[in-house]
Every structure is written in C-alpha cells, then in structure tokens.
Amino acid sequence: MLDIKFIREHPDLVKEGIRKKGDVDRIDEVLLLDKKRREVIQKTEALKNQRNVVSEEIAKIKKSGQDAIQAISEMNKVKDEIKSLDNELRKIEEEFNNLLLTIPNVPHPSVPEGHKPEDNQAIFSWGKLHPEYIGVNETDFEPKPHWELAEKLDIIDFGTGVKVTGAGFPFYKNRGAKLQRALINFFLDEAHGKGYIEIQPPLMINTASATGTGQLPDKEDLMYVVNRDELYLVPTAEVPLTNLHRDEILSEKDLPVKYCAYTPCFRREAGSYGKNVRGLNRLHQFDKVELVKFVHPGTSYNELEGLRSDAEALLQKLNLPYRVLLMCTGDMGFTQSKKYDLEVWAIGQKCWLEVSSISNFESFQARRINVRFRLAGGKPEFVHTLNGSGLALPRIVAAIIENYQTPEGKVIVPKVLHKYTGFEVIG
RNA sequence: GGAGAGGUGUCUGAGUGGUUGAAAGAGCCGGUCUCGAAAACCGGUGUACUCGAAAGGGUAUCCAGGGUUCGAAUCCCUGCCUCUCCGCCA
C-alpha cells in the first residue's frame, strides 16, 4: 500500500498514477476518511489522557486513606465515552485500511503510458540473428507445436492429467520429467552463482501473507483455497519469499538480501480458454524458480536491471530467442511501479510466450508486510522489494521442444542442460 | 488428537491490580582512561500513531482479540504459537 502521509502530501501525483494505470480513483474517499479518523483519534486520546491523570489521583487519594467516590463516578462516565469512541474509531480504521489496500502503486516515470498490448515497448530482443543461435530454421521444414511432439515422444501426458485431476494438470514422463528436473536444477544453480540464497518455502500460505504481497483482498479468485484451514496454495513463490521477513527490521549492511526458490505454483486461471491454453501454455499447476530481492530504496532501479539481466542470462544460456517488454501502465499489476516481461519465441506456435515477469514494487509491498531496515544511527525505513521469475518452466519446456525439434520429430537438449539430464536428445 | 507448562524490550530475565516503557544483566552507541586496544567507569539506547513550524506534548504497545476495574504486564474468557509427555505418522 501507499503511505497515507505520501497520499496526503501528493494527492495529485497519486491520482495521476491511478489514472495512468486505468484504475478507479478513490483518493478523495481516502482523504476524507483519514481526516475523520484523525479527528476521532484526537478526541479519544484526550479522554484517555484524562483517565490516566485522574486514575493516578485516585491512587493517591486512596493511599492517603480518603474516599474517592466522587472521582470514580466521574470516571465511569469517561469510561463509557472512551468505549463508544473507540468503537467508532475501530470502524473507521477498518474502512480506512481496507480502502487503502485497494489503492494501487504509482507507476515510475519511465513507464510508458498505455492500456493496450501494443503500448508495451519491446526494448530488446535476442535470437536467430545472434551468432550463437542454433535452433530450428523454419525454412527447412514446418515446425510443430510442442503438444504434438510431446505426446508423440511420450514425455508429457495431458489426457491422464485430465482423468486424475483436471485440465491444466499434465503428467510429465520419461525424459520430459527428467528435463523438468534438469531445468529446475540449472536455474537454481545459476541463481546461487549470482548470490541468491536458496530457499524451500512452504507451499501453502495464510491470509496475512497473501494480503502482504497483494493477492488479497482483490485477487482471491486466482488462488486455490484450503477452506478448512484457511490456507491458500502458493500461486508463486513470491508470496512465501517476500513474507519471509514480514514484520522484521533488517540491518542496512545486509542489503540487498536475495533469495531464490523453486516451487510448484497453483493458479485457478478462471476464465481462461481458447488456443492460448493449449499444451503447456497455461496450466493450473506449474513449476517455477522465483527470484526475490529486498533492497535499499536508493538502489532498487539498478537492482531491477540486475534482476532482468540475471533472468535474461538464463535464456541466453539456453539459446532461446526472446524479447524484453517494458510493460505499459495499464498492463502493469496493482502492486508494481515498473515491470519487464521476458517472452520467448515458440517457433511451432509462432507466438511469444511470457516466461518471466520482473518487477519493482518500491516500498508498496514492504509497507504491507512491514519490512524495514535501520539506517545507520537512524530510524527504520521501508525497504524496496523486487521479484522476477528465473524462470517459469512449462513455457521454457514448450520453447525448447519447439525450437530444438528436428525434421524427424526429435528434440535436441540445449547444451547447458546436458550435465543435468545425462542425455542430449529426446526421441 | 489427549494431558500439562509457558508466551515480557535486540537477547537473557524480574515483575501477580496504582509514578512500570517496564528491575537487573548482556548487547549496541557515545564519552573518560590508553600510544592503541582490552578491562574499568560515566552517559545513552524500542516502535507506531497523533498534535506541533520546532522545541516538545499526548496515546497505544509486556503473543492477539474481547472482558472485569476509576485504574491491568499483573485478574477472567477466546484464539494463535512454543515447549514437555502420551497417541499417530513419512
């Protein structure tokens, strides 16, 4: 969430940001409630002060052996007033906090304004023209989409997934399963090499954690819920990783703190349909290695570029053609101030697949989860948080299958994975 | 799941209704001493909200939420968590 003080002092700037994101502007409501809230606070605190002073007097009177009936009956009235004001305040604060949680983060000035996919800027691409690119050349033969190849090679079984669980829960088999495991290990090892601490987080999260990273209160529909225990299946490792330091004060010299984690991710994806859910393109359960950073506010945009290049390096090592999109204001999430998407080219489908989303949240999440650091000799201040996928597995698998297919329907394994897979070709 | 014990500041740990934001010690910061360091000694050392231009006030905070009381870290209820024992289990 945003700092109420910041909103109070820069209402126009915040409104402008909301407008750019295409969200509903409720800033005037926030400010009105804030005013009401502070008025009630002042009233109750004055009464509480009176109560404290008189109570102390009563103590003295009683000690001296005298009667304090007069003062006590007076305080009985004050007590009731305090109670009713406290109730009023509680209601106002609840409303105020809920409203504040729905105010989106303000976009960074460098983010292009727009609301359509075309407004996202492709700022970099890497691929076929690169001398190291060794993938398929579509002039040689007509490349197939990954689901056809995968079924034929018996490495992914979509039908059995439907039987056992439902659509979007495939079985990986044989060298397909091994390829998954190889990619996870490759990604984790690379992250470790870049100084990310490896974590195996819980796969279920509670309400507070989901609220902290912004999945709640609005986006409950995207998660699977375990009602009986009030838990959610992780939609991304971002949630447990970012909440790892909830309510903590980090020490300045420890920043930046960098974590990586592999987890399955569970998403309901309600409302998805059509060809962009075919095969591995959109699943309810998928594997992902996630990167999260807690950083000094002054460095967060540098750290964002660092995160981006860490993720890009993986694609380059896998020799997969990709492009980098700087996402426009309207395509950015609720919590982000700047976001890049990495999209890999899937030659069989002839489309771009998003494999990583790299964001700076500035202090937006940190304020929700209350993660601060202490300035040398000074007051605690909120850190900035960032995250990025490094990377999401299924679409990488799809891209490998499609871009490394041979005319005979085999798939060549990218060189960097050989030591993890133990084989160099599938089929 | 059953039975018991317990949750106090950065940490250890006192405190069972009235100057308790909270003893004491450790840690940390500053100072004295020292060529320098250690030791010793002296001083300082939570957070949030709120009023205020500031200085400086005020309120809250001893796991969380309710309750009793003029007044609660202290009494009562509920929840969460930790520990011990039993059961179950990979």
Side-chain angles (χ1 to χ4, degrees), chain A residues 1-9 30-101 200-212 216 226-232 240 243-255 257 264 294 363-383:
Chain A
M1 68 184 130
L2 294 173
D3 185 1
I4 180 60
K5 284 180 196 153
F6 182 80
I7 297 176
R8 229 184 268 154
E9 284 159 26
V30 170
L31 291 174
L32 196 72
L33 266 176
D34 177 47
K35 199 173 156 223
K36 235 164 92 184
R37 173 183 147 261
R38 285 189 290 161
E39 279 165 10
V40 178
I41 286 176
Q42 283 174 48
K43 273 194 232 164
T44 53
E45 293 197 343
L47 286 176
K48 284 178 182 173
N49 179 232
Q50 190 190 347
R51 179 186 66 189
N52 290 347
V53 171
V54 176
S55 287
E56 210 170 297
E57 281 167 15
I58 290 172
K60 276 185 203 145
I61 293 170
K62 286 206 164 175
K63 240 180 206 162
S64 69
Q66 285 172 294
D67 202 359
I69 287 179
Q70 174 89 34
I72 289 177
S73 79
E74 222 173 280
M75 280 306 99
N76 265 321
K77 274 184 242 155
V78 173
K79 186 166 92 166
D80 292 342
E81 269 183 80
I82 290 177
K83 197 181 261 182
S84 83
L85 277 174
D86 264 346
N87 277 331
E88 192 186 336
L89 181 62
R90 194 179 312 141
K91 277 186 212 142
I92 294 172
E93 296 229 283
E94 199 187 328
E95 200 186 335
F96 172 74
N97 286 328
N98 288 341
L99 185 55
L100 203 55
L101 283 176
Q200 277 200 30
L203 300 181
M204 293 195 222
I205 49 169
N206 58 29
T207 310
S209 296
T211 307
L216 295 180
V226 184
N227 275 320
R228 188 170 172 169
D229 300 291
E230 281 190 82
L231 295 172
Y232 299 86
N243 278 281
L244 200 153
H245 288 301
R246 172 143 49 90
D247 293 319
E248 288 181 19
I249 297 179
L250 307 172
S251 117
E252 189 176 15
K253 64 175 178 355
D254 292 339
L255 299 180
V257 181
F294 298 83
S363 59
F364 192 85
Q365 283 182 331
R367 191 167 287 109
R368 283 177 167 232
I369 56 179
N370 192 27
V371 180
R372 295 173 292 173
F373 71 100
R374 194 178 292 283
L375 290 161
K379 290 216 137 206
E381 191 180 318
F382 289 108
V383 298

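Below, each value reflects all heavy atoms present in this structure, side chains not excepted, and no hydrogens, waters or symmetry copies. Bear in mind the structure is a predicted one, so any value in this text is a computation, not a measurement. Here is the naming used below: chain letters follow the sequence lines, and residue numbers restart at 1 for every chain.
The partner of U69(B), taking Watson-Crick or G-U wobble pairs whose two distances both stay under 3.5 Å, does not exist in any strand shown. Pairing for U10(B) goes to A26(B), judged as Watson-Crick or G-U wobble with the two contacts each under 3.5 Å. Across all strands shown, A37(B) forms no Watson-Crick or G-U wobble pair with both key distances under 3.5 Å. Partner assigned to U19(B) is none, using Watson-Crick or G-U wobble distances below 3.5 angstrom. With a 3.5 Å ceiling on both atom-pair distances, U74(B) lacks any Watson-Crick or G-U wobble partner. Summarising the base pairing, C83(B) is matched to G4(B) through a Watson-Crick or G-U wobble pair whose two defining distances lie under 3.5 Å. Remark: C62(B) base-pairs with no nucleotide in the shown strands. Criterion, Watson-Crick or G-U wobble with two distances under 3.5 Å. The pairing partner recorded for C88(B) is none, the criterion being a Watson-Crick or G-U wobble arrangement whose two distances lie under 3.5 angstrom.
The residue E56(A) sits apart from the nucleic acid: no heavy atom pair falls under 4.0 Å. Using a 4.0 Å heavy-atom cutoff across all strands shown, R367(A) reaches no nucleic acid atom at all. Among the protein residues, K62(A) comes within range of the nucleic acid bases, having at least one heavy atom under 4.0 Å from a base atom. Within the nucleic acid shown, K83(A) comes within 4.0 Å of sugar-phosphate atoms alone, with no base atom in reach, counting heavy atoms only. Using a 4.0 Å heavy-atom cutoff across all strands shown, K77(A) reaches no nucleic acid atom at all.
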Take I249(A) and F373(A), measure what side-chain contact (heavy atoms from CB on, under 4.5 Å) needs, and give me the verdict at the end. CA-CA 5 Å; I249(A) 297 179; F373(A) 71 100; 5.6 Å; no
Decide yes or no on side-chain hydrogen bond (donor to acceptor under 3.5 Å, both in side chains) for S209(A) and N206(A), but give the supporting numbers first. CA-CA 6 Å; S209(A) 296; N206(A) 58 29; 3.1 Å; yes
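Under 3.5 Å, the side chain of E45(A) and the base of G58(B) form at least one donor-acceptor pair of N or O atoms.
Between E230(A) and T207(A), the closest heavy-atom pair is O-OG1, 4.2 Å. When all heavy atoms of T211(A) and R368(A) are compared, the pair lying nearest together is O-NH1, 2.6 Å. For the residue pair F294(A) and V371(A), the shortest heavy atom distance occurs at CD2-CG1, 4.0 Å.
For the pair R37(A) and C49(B), the criterion of a side-chain N or O lying under 4.0 Å from OP1 or OP2 is not met. Between R8(A) and U50(B) there is a side-chain N or O to OP1 or OP2 distance below 4.0 Å. R38(A) has no side-chain polar atom (N or O) that falls below the 4.0 Å cut-off from OP1 or OP2 of C49(B). Using a 4.0 Å cut-off, no side-chain N or O of N49(A) falls inside it from OP1 or OP2 of U50(B). Put simply, N52(A) has no side-chain N or O that comes within less than 4.0 Å of OP1 or OP2 on G58(B). Contact between the side-chain N/O atoms of R372(A) and the OP1/OP2 oxygens of A48(B) is found at a separation under 4.0 Å. An OP1 or OP2 oxygen of C51(B) is reached within less than 4.0 angstrom by a side-chain nitrogen or oxygen of Q42(A). In this model, the phosphate group of A60(B) is not approached by any side-chain N or O of R90(A) to a distance below 4.0 Å at OP1 or OP2. Look at N76(A) and you'll find a side-chain N or O under 4.0 angstrom from OP1 or OP2 of C70(B). Phosphate proximity of C70(B) to K79(A): present, with a side-chain N or O under 4.0 Å from OP1 or OP2. Within the structure, every side-chain polar atom (N or O) of R51(A) is placed at least 4.0 Å from both OP1 and OP2 of G58(B).
Taking the P atoms as reference points, U68(B) lies 15 Å from C76(B), given to the whole Å. Taking atom C1' in both U74(B) and C33(B), one finds a spacing of 45 Å when rounded to whole Å. The P atoms of C42(B) and A48(B) are separated by 31 Å, rounded to the nearest whole Å. The same atom, P, is picked in A55(B) and in G13(B); the two are 38 Å apart, to the nearest Å. Nucleotides G79(B) and G2(B) place their P atoms 12 Å apart, quoted to the nearest Å. For the P atom pair drawn from U45(B) and C86(B), the interatomic distance equals 49 Å after rounding to whole Å. When the C1' atom is compared between U19(B) and G6(B), the two are found 30 Å apart, to the nearest whole Å. With P as the reference atom, A73(B) and G21(B) are 8 Å apart, rounded to whole Å.
Between D86(A) atom CG and G65(B) atom P there is a gap of 12 Å when expressed in whole angstrom units. A straight line from CG of N206(A) to P of C81(B) spans 10 Å, rounded to a whole angstrom. Atom pair E57(A):CD and G71(B):P shows a separation of 15 Å (rounding to whole Å applied).
Comparing M75(A) and I249(A) by the nucleotide of RNA chain B that holds the closest heavy atom to each, the one mapping nearer the 5' end is I249(A). For the pair Q50(A) and P380(A), both in contact range of RNA chain B, the more 5′-proximal nearest nucleotide belongs to P380(A).
Applying the side-chain contact (heavy atoms from CB on, under 4.5 Å) test between I369(A) and each of V383(A), N243(A), D247(A) identifies N243(A) as the sole match. Of the residues D86(A), V78(A), N52(A), the one that meets the side-chain contact (heavy atoms from CB on, under 4.5 Å) test with L47(A) is V78(A). Screening I4(A), L100(A), D3(A) for a side-chain contact (heavy atoms from CB on, under 4.5 Å) involving R367(A) leaves a single residue, D3(A).
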